[in-house]
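Each remark here refers to the structure printed beneath this line.
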Amino acid sequence: MLEFNNIFEKLSLYFQYPFVRYALIVGVLIALCASLLGVSLVLKRFSFIGDGLSHVAFGAVAIASVLKLSNNMYLAIPITVLCAIAILSSSQNAKIKGDAAIAVISVGALATGYLVLNIFAASANISGDVCTTLFGSTSILTLKPSDVWLSIVLSIIVLTLFILFYNKIFAITFDEDFAVASGIRVKAYNLLIAVVTAIIIVLAINLVGSLLISALIVFPALSAMRVFKSFKSATICSAIISVVAAALGIIISILAGTPVGSTIVVVNIVNFALFYLVGALKGVKA
Amino acid sequence: MTLLTCKDLSLGYDGATVVEGLNFTVNAGDYLCIVGENGSGKSTLIKTILRLKSPISGEILTGGGLKPNQIGYLPQQTQIQKDFPASVMEVVLSGTLNQKGFKAFYNKADKQKAKDNLAKMDILNLQNKCYSELSGGQQQRVLLARALCATQKLLLLDEPVSGLDPKLTIEMYKLIEKLNKEHGITIIMISHDFSAALKYASHILHIGYKPLFFGTKDDYLNSEVGKAFSIIGGVANA
Ligand SMILES: Nc1ncnc2c1ncn2[C@@H]1O[C@H](COP(=O)(O)OP(=O)(O)OP(=O)(O)O)[C@@H](O)[C@H]1O
Ligand SMILES: [Mg+2]
């Protein structure tokens with residue numbers, strides 16, 4: 001009982017800081033956006049694009065921090081979005097292999113980012129900076145107010161787009177040829193998905209760091225798909241899983257002093273194992 | 001009224017020609033059957049008509065106010081992943097999307113349309129099942145229901161009865177005939193079933209055999225290729 005009281009006290013103490021509350025809101029929103037798109041990205045076999053883009057985002061953040069911009073995202077978002085467009089159009093061109101293009105862009109961005117940081121960085125703690133960008137901040141208190149507001153606004157835009165285009169996203173994910181045949185502008189929607197993915201990835205850098213973003217996109221979708229068999233239920237379940245995992249991860253990391261990003265990812269992994277088990281049991285029963 | 005005109009069309013992949021010298025027209029109300037051996041380019045032709053791929057040379061002109069969103073399409077194969085979470089209803093409803101423009105959500109009429117077409121395919125009871133867990137023939141029925149939802153003027157069917165049981169095969173042909181005769185929907189169908197092709201179609205396009213044949217069914221029956229192949233179909237003896 002004493003233990004519980006302790007935890008509660010500690011939490012309520014933390015939640016008196018507006019920044020902790022904001023961080024929770026931002027974390028949950030980003031996790032929500034990532035998981036919604038995740039279902040489609042996983043099913044379209046696009047998850048590797050997310051992975052490649054997260055490395056690009058690392059490079060872009062590195063350059064932005066050397067340039068000492070007021071907010072790294074102002075540079076990182078346009079660069080990552082451009083790369084998303086480049087990767088998508090190259091993977092639609094059969095002559096250039098899409099996966100090779102992604103490998104080139106993502107490794108190139110990673111290397112350039114680290115090099116730029118090493119040569120130009122003013123701060124004495126380069127490896128600390130790099131670690132933060134790769135694995136997320138150790139403390140969510142480092143979120144700047146401008147980060148918070150940008151994240152909230154962009155998340156709301158992403159959510160609105162997703163809801164408005166939900167049926168079309170289903171159609172192009174399920175059967176692209178039929179979607180083209182029935183006059184849906186598949187290329188435009190693929191582009192939209194890539195751009196939105198890029199934006200979410202940049203937003204998520206503050207939360208989980210660029211190396212762990214793919215987990216936020218892939219795990220909730222995979223978990224939900226183990227148990228749910230319609231697109232709607234899988235999408236909704238993926239969203240709920242992701243939100244709960246993010247909130248739980250953030251709270252645990254506050255209490256235990258663990259790094260936010262890895263904690264959220266580990267919660268997601270445990271959750272995946274659970275859903276895998278439930279799915280297997282359901283399969284046995286059916 | 002001419003819906004489609006193909007002029008000197010050559011089709012193929014990465015520069016390798018599969019068919020060349022395709023010249024034919026499809027008028028509103030026609031029932032065109034495309035026949036030809038495996039690999040002769042029938043599916044490729046349908047995909048080109050749908051603009052899923054571009055022709056090597058030649059052109060396809062559409063007329064009669066035919067718009068892409070008035071076309072229903074049944075693909076020969078769809079590579080849908082084994083564990084794709086999609087219910088039958090979701091799949092069939094997506095057939096109504098082409099009429100919705102910028103409207104985001106399905107309304108009652110769309111849902112009713114989906115249900116009607118599920119009933120036509122005799123699979124209303126499967127509506128909440130997972131598509132990827134159905135049998136091959138059941139999946140074919142679902143995709144047919146989806147194609148029917150999307151059809152306003154033109155229906156393109158790539159081997160619609162493959163995988164269907166005999167009972168539904170007959171019903172399917174009757175349904176297509178009804179769509180054609182009563183609702184004035186133009187049909188382009190690929191089929192290996194010569195007897196059905198000759199029974200229902202108004203026009204035949206025979207590819208993969210030189211010279212290519214295009215014309216009415218009666219002309220086909222009197223042509224060299226028609227005579228040769230209708231015996232295989234068992235029509236000559238009938
Ligand atoms: N995606 C592709 N890339 C390259 N070549 C292809 C592709 N699809 C088909 N082909 C080739 O084009 C030719 C025509 O294929 P198509 O699918 O149009 O044949 P089909 O007449 O529909 O045959 P079937 O009766 O077996 O359905 C074949 O020789 C095939 O090898
Ligand atoms: Mg074919």
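All values reported here derive from a predicted model rather than from experimental measurement. A, B, ... follow the sequence lines: proteins, then strands. Residue 1 opens every chain.
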Which bit of B:Tyr131 comes within less than 4.5 Å of chain A, counting heavy atoms only: side chain, backbone, both or neither? side chain
Which residue out of A:Asp177, A:Thr235, A:Val180 racks up the most heavy-atom pairs below 4.5 Å with chain B? A:Asp177
Need one label for B:Glu133: side chain, backbone, both or neither, based on atoms under 4.5 Å from any heavy atom in chain A. side chain
Parallel, tilted or perpendicular for A:Phe174 and B:Phe84, by the 30°/60° rule? perpendicular
Which class fits the ring pair A:Phe178 and B:Tyr73: parallel under 30°, tilted 30 to 60°, perpendicular over 60°? parallel
With side chains defined as the heavy atoms from C-beta onward, is the minimum distance between A:Thr197 and A:Ile49 less than 4.5 Å? no
Contact class of B:Ala86 relative to chain A, heavy atoms under 4.5 angstrom: both
In terms of heavy-atom proximity below 4.5 Å to chain A, should B:Val88 be classed as side chain, backbone, both, or neither? neither
With distance as the sole test, does B:Arg141 use its side chain to make a donor-acceptor pair with the main-chain N or O of B:Met121 at under 3.5 Å? yes
Exam field: side chain B:Lys113 to backbone B:Cys149, donor-acceptor pair closer than 3.5 Å: yes
Chain B heavy atoms under 4.5 Å from A:Ala181: which part of the residue, side chain, backbone, both or neither? both
Under 4.5 Å from a heavy atom of chain A, the part of B:Lys103 involved: backbone
Return the orientation label for the A:Phe231 and A:Tyr166 ring planes: parallel under 30°, perpendicular over 60°, tilted otherwise. tilted
The interface call for A:Ile184 against chain B, heavy-atom contacts under 4.5 Å, is side chain
